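Let me begin by presenting the structure, written as structure tokens, before commenting on it.
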Amino acid sequence: MSVRGTLRALPTLLRVGVSEAVAYRAEMLVWVLGTTMPFISMALWTAVARYEPVGRYDSHDFVRYFLATFSVRQMTGAYAAWQINYEVRQGTLAMRLLRPISPLWSYAAENLGTFPLRLLLVVPLTLFSVFTLGTRSVPGSAWGWGVFLLALVGGWLITFLANVLIGSLSLYIESSNRLMDLWFAFFLICSGYLYPVELFPPVLRGLLDWLPFRYQIGLPVELMTNAHGLTEALGLLGRQWSWVALLLGLSILSWKRGLKRFAAYGG
């Protein structure tokens with residue numbers, strides 16, 4: 001299908017994705033309940049900071065940070081790797097390949113279709129953070145909002161494209177779910193999900209600046225909570241979108257080559 005035809009089909013794909021999210025809302029609720037680790041981290045770190053600040057963070061800063069982390073996690077989540085693995089094993093990927101649009105667009109639309117329901121959690125939580133902890137809970141300037149929204153889109157793209165890249169490896173091996181679990185383990189440690197990246201020792205923090213995990217969630221959270229000036233924010237945003245470009249190229253290459261091996265045997 002041409003680019004114009006794909007763009008015309010996207011609104012329909014998104015409506016289908018939203019309908020599926022509503023139909024399987026209980027499943028989505030289970031997924032949301034599985035992403036509450038920031039609240040546990042918040043309880044631990046605020047207890048530590050109650051006696052003495054940790055770096056630049058006092059107890060209120062930790063509450064602000066982890067509320068933002070939960071919100072950003074909802075808006076950057078993706079699950080395409082598990083979809084691809086399942087459909088390759090069952091052979092149902094063949095049905096997607098019969099459609100006049102790439103399955104990757106369908107996966108993207110289905111993942112994005114959950115956003116309206118996630119916003120029902122994110123918006124009240126963000127308003128609560130603003131009213132109880134002050135306006136530092138959200139970007140404090142027009143450029144701050146612009147950079148934050150770009151970082152949020154970039155964070156989702158890194159997560160989704162990593163899912164596609166790892167999911168497409170199931171076209172070469174029996175299952176790539178273990179590799180996705182390994183990626184997720186590194187994500188938990190290196191992304192800022194469990195603790196702010198700046199609390200790492202300087203050497204490790206420098207390494208994390210060059211890995212993709214921080215840019216999935218840590219950077220959007222830092223920008224949401226006004227941790228960077230414009231120059232530093234733009235530099236970090238450039239690194240994030242460099243990862244987006246790299247993962248886009250690798251995922252498309254792996255997907256196209258893997259499809260040549262797809263046998264649709266099922267089971």
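These numbers were taken from a predicted model, which means no experiment stands behind them.
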What residues form a side-chain contact (heavy atoms from CB on, under 4.5 Å) with Pro196, not counting sequence neighbours?
-> Tyr57, Phe62, Tyr65, Phe66, Glu198, Leu199

Ignoring hydrogens and angles, write down the donor-acceptor pairs under 3.5 Å from the side chains of residues 247-255, residues two or more places apart or on other chains.
| from | atom 1 | to | atom 2 | distance (Å) |
| --- | --- | --- | --- | --- |
| Ser251 | OG | Leu247 | O | 2.8 |
| Ser251 | OG | Leu248 | O | 3.0 |
| Ser254 | OG | Ser168 | OG | 2.7 |

Quick one: hydrophobic cluster around Met95, which other residues, with the 4.5 Å side-chain cut-off, linked directly or via members?
-> Leu98

Across all chains, not counting sequence neighbours, the side-chain contact (heavy atoms from CB on, under 4.5 Å) partners of Ser191 are Phe187, Tyr193, Phe213, Ile217

Under the side-chain contact (heavy atoms from CB on, under 4.5 Å) test, which residues partner Leu44, sequence neighbours left out?
-> Ile40

Applying ring-ring contact (aromatic ring centres under 6.0 Å, His included) to Phe39 and not counting sequence neighbours gives Phe70

Hey, could you give me each pair passing side chain to side chain donor-acceptor pair (under 3.5 Å) that has a residue in residues 145-158? Not counting sequence neighbours.
-> none

In chain order, what residues pass the side-chain contact (heavy atoms from CB on, under 4.5 Å) check against Ile173, with sequence neighbours excluded?
-> Ser176, Leu179

In chain order, what residues pass the side chain to side chain donor-acceptor pair (under 3.5 Å) check against Asp61, with sequence neighbours excluded?
-> Arg64, Arg136

Got a sec, which pairs hit side chain to side chain donor-acceptor pair (under 3.5 Å) with one end in residues 227-236, sequence neighbours left out?
-> Glu222-His228, His228-Glu232

Taking only residues two or more places apart in sequence or in another chain, which ones pass side chain to side chain donor-acceptor pair (under 3.5 Å) with Asp209?
-> Arg214

Please identify each residue that fulfils side chain to side chain donor-acceptor pair (under 3.5 Å) with Thr76, with sequence neighbours left out.
-> none

